[in-house]
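Here the structure is laid out as structure tokens; the discussion comes afterwards.
Every value quoted in this text rests on a predicted model; they were computed, and no experiment measured them.
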Amino acid sequence: MKALFIGANKSGKSRLALEYTLKLASKKPYFIATGIPTDEEMKKKIEIHKKDRQNRFITIEEPLEIYRTIKPIEAYKLVDCLSFWVSNMLLNSKEDEILTEAEKISQIENSIFVINEVGAGVIPANELARKFAHYNGLVSQIVAKNSDEVYFCTAGLSLKVK
Amino acid sequence: MKALFIGANKSGKSRLALEYTLKLASKKPYFIATGIPTDEEMKKKIEIHKKDRQNRFITIEEPLEIYRTIKPIEAYKLVDCLSFWVSNMLLNSKEDEILTEAEKISQIENSIFVINEVGAGVIPANELARKFAHYNGLVSQIVAKNSDEVYFCTAGLSLKVK
Amino acid sequence: MKALFIGANKSGKSRLALEYTLKLASKKPYFIATGIPTDEEMKKKIEIHKKDRQNRFITIEEPLEIYRTIKPIEAYKLVDCLSFWVSNMLLNSKEDEILTEAEKISQIENSIFVINEVGAGVIPANELARKFAHYNGLVSQIVAKNSDEVYFCTAGLSLKVK
């Protein structure tokens, strides 16, 4: 089973994906954290999430090498989130590898992915932001295509679109 | 009955919530306007909306004290919109009260709420904008959780998600 | 049959609308391209799309006069996209004609329209961007109202909302 949870920032997609993963998993699932805390608010948020998860998930922090990290794991793994990963790839000059990596990542069984919808506002003038939105959208499409189920999240609720 | 209408700016959510409220109400409903007009375009827009509503709603303008305003009203009340309210709360140094207020507001019977989806674009660099998006998203989740029905609006149409 | 595909930037709406049009059309459909390439990336993208379409669509490039262009065509026509058109209208001082034109355009039979959702991020401070978001949203509503079917697109998938 492979699934994707897509939604706006603060749409509740992480929590929905977490509950979904726990419901599916017969043994302790993995949590692949791709985010690198960049400010105090985010640090605090990550700490709260970690505490909440600690007895229920095995957490691995990995900003870039998702494929290599999840490939050998048979148990369920929740990758939260692919938008941070896209951003990390761009900031580490790995733009050329994003789409092929996304294709590989999204074919690994027992994976639940989370991604932000970032393309539904006015397109920003900032070039890096536009590049990020471009790749984030393409990664969404690739992962959705390879997923068995896709959920659109809004206001803490999910709507099945596949 | 409590319901939430969420959607992008100009997705038609206000009109949809208005029609929905009128359909439910057996006696004249209240309209709680939280927006403070800040430019000519908005002033004009508010005037058009007011004119359209005037014989069908009792309008109360209240930028901050939503709970105190709607609590004693038994009739249906349409709160349009919670995003303006979140913005007003932040601009009036009431950040700490937003989430508890949202919890209280959303438990009042016969209330229809409108909120903007603002988190589906690239996250803005501006700190206040980010804080606004953060609280707006959390308020959406709180109100959706306490609502009986939730509608996602796009292109003037609504999709029931709860 | 008239249909609208709405979704975020990179939500796959163009491809979905294209496949939908080809499935409906009994003779070679038209593709009305409203976008004027403004940078290298866009130029490249347009070239790839053109190549992909070339044997299956008759392409007409028209940034402004959509109504005059599609009115005499009986075959299916895919207008991709109305957001570029709104932007072109604003940049050519035709703001006053946008809504009446949208009403006329959306009443022409055998038309498939594509439009971006641009209102689900924090409202930009830039005035032109706000005006664009305003008209883009109103055009979405007008076209959706006159369409037989409306699809919300996310992650390369579509959800029927009408």
Would you list the atom pairs in which one atom of chain B and one of chain C form a donor-acceptor pair under 3.5 Å?
residue : atom : partner : partner atom : Å
B:N9    : N    : C:G119  : O            : 2.9
B:K10   : O    : C:Q141  : NE2          : 2.9
B:D39   : OD2  : C:R130  : NH2          : 3.0
B:V118  : O    : C:V122  : N            : 3.2
B:G119  : N    : C:A120  : O            : 3.3
B:A120  : N    : C:A120  : O            : 2.8

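Of the atoms belonging to C:V150, it is side-chain heavy atoms, and not backbone ones, that fall under 4.5 Å from chain B. Looking at C:I115, there are no atoms closer than 4.5 Å to chain B (heavy atoms on both sides), in backbone or side chain. In this structure, chain B has a heavy atom under 4.5 Å from the side chain of C:L159, while its backbone stays farther away.
Nearest heavy atoms, B:L78 versus B:L18: CD2-CA, 3.7 Å. Nearest approach of C:F132 to C:L90, heavy atoms of both residues: CA-CD1, 3.6 Å. Scanning all heavy atoms of the two residues, the minimum distance from B:F5 to B:C153 falls at CD2-SG, 3.8 Å. Residues B:V143 and B:A102 share a closest heavy-atom pair of CG2-O, 4.5 Å.
Pairs of residues two or more places apart, or lying in two chains, never qualify as ring pair (Phe, Tyr, Trp, His ring centres under 6.0 Å) while including a residue from residues 99-128 of chain B.
Here the CD1-CG distance, from B:I32 to B:L82, works out to 11.0 Å after rounding to the nearest 0.5 Å.
Residues C:F152 and B:F152 place their aromatic rings such that the two centres sit under 6.0 Å apart.
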